[in-house]
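For this chain, numbers begin at 1 and follow the sequence in order. Just so it is clear, the structure is predicted and the values come from calculations on it, not from any experiment.
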Amino acid sequence: NLSGTDFFFFFIISDDAFQGIVYPGGNYSAPPFVAAPFTVPDQSDCMLYLAFSEYFFQTSSFAYYTAGAFNITIAEDVSRTCSYFNISTEIFGGIIPEVAQYSVTPYPVMLKLMATETPITSLQQDSFTLEIQGSMEVFAVLPDSSTQSLFTMSIAANTSIAVNIFDQKLMGSLCLNR
C-alpha cells in the first residue's frame, strides 16, 4: 500500500510461460506494453531462480504512474527533519535573479515534483536504465501559510543502475546519464 493506493500483482501461469503484471487498485485496464518472451539460463545448481522481465518493470512503472505515486511534495515539515531539504527563497534567489526580486524576505520553499509521462525501464545484460520525464514547481510558503508559485521547470532524467554480488553482498551503482 502506497499512500492509500492498492496495487495488485497478477500472475498468469501456463505450461510454457509465467507472466506477472502490476495493476493499480481499481484499474484493470490493459497496460500499453506487450510482453516480449525472454529465457532464463538453464542451470540446475540452485534450488530457486528469480527472473524479472522488462515487462514486469514497465507495468510496475505504469501502475505507479497511473496511481500518482511519482508525484511528490517536499514541504517545510520535511525540511525540519532532513537538513538536505532545508531550502528557502534565499537559495533560489542566488541562482534565479527574478526570485530574489520577488522575495526580499527569505521564505520557506515547497517543491512539487511530478512525472509527466510513464517512466520507461529497459534492461541490459548487466544493468537497467530508467528514464523519467517530469516537472518541478517551486512555491514560496508565505507567513499566512498560503503559497505563491515562483517558477516551473521541466525535468528529464536518465539513470543507469548496475547491481552485482560481491563478497556475498548485493552491491549497486547508480549513474545519472543526463
Between Pro106 and Glu90, what is the shortest heavy-atom contact and its length?
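Minimum heavy-atom separation between Pro106 and Glu90: CB-CB, 4.1 Å.
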How far apart are the closest heavy atoms of Met110 and Val141, and which atoms are they?
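Heavy atoms only, the tightest pair is CB-CG2, 4.0 Å.
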Counterpart residues, side-chain contact (heavy atoms from CB on, under 4.5 Å), relative to Leu174 (two or more places apart)
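Counting only residues at least two positions away or on another chain, Leu174 forms a side-chain contact (heavy atoms from CB on, under 4.5 Å) with Thr159, Ile161.
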State which residues pass side-chain contact (heavy atoms from CB on, under 4.5 Å) with Glu98; sequence neighbours excluded, sorted by chain then number.
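side-chain contact (heavy atoms from CB on, under 4.5 Å) list for Glu98, sorted by chain: Ile96.
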Tabulate below the donor-acceptor pairs under 3.5 Å that side-chain atoms of residues 146-155 make, not counting sequence neighbours, or state none.
| from | atom 1 | to | atom 2 | distance (Å) |
| --- | --- | --- | --- | --- |
| Ser146 | OG | Asp144 | OD1 | 2.6 |
| Ser149 | OG | Glu137 | OE2 | 3.0 |

I'd like to check Pro119 versus Glu131 (side-chain heavy atoms, cut-off strictly below 4.5 Å). Are they in contact?
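Counting from C-beta outward, Pro119 and Glu131 never come under 4.5 Å.
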Straight-line distance of Ile132 CD1 to Asn158 CG, nearest 0.5 Å:
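The CG atom of Asn158 is 9.5 Å from CD1 of Ile132, to the nearest 0.5 Å.
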Within this structure, what is the CD1-NZ distance for the pair Ile72 and Lys112, rounded to the nearest 0.5 Å?
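Ile72 atom CD1 to Lys112 atom NZ measures 13.0 Å (nearest 0.5 Å).
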Can you sort out the partners of Thr129 under side chain to side chain donor-acceptor pair (under 3.5 Å), two or more places apart, ordered by chain and number?
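With neighbours one apart ignored, the set is Gln124.
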Under the side chain to side chain donor-acceptor pair (under 3.5 Å) test, which residues partner Ser160, sequence neighbours left out?
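If we apply the side chain to side chain donor-acceptor pair (under 3.5 Å) test to Ser160, skipping adjacent residues, the hits are Asn177.
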Heavy-atom donor-acceptor pair, Tyr65 side chain to Ser60 backbone, under 3.5 Å:
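Between the backbone of Ser60 and the side chain of Tyr65 there is no qualifying donor-acceptor contact (under 3.5 Å).
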Contact list for residues 105-146, test ring-ring contact (aromatic ring centres under 6.0 Å, His included), sequence neighbours left out:
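Applying ring-ring contact (aromatic ring centres under 6.0 Å, His included) to every pair that reaches into residues 105-146, excluding sequence neighbours, yields Phe57-Phe128.
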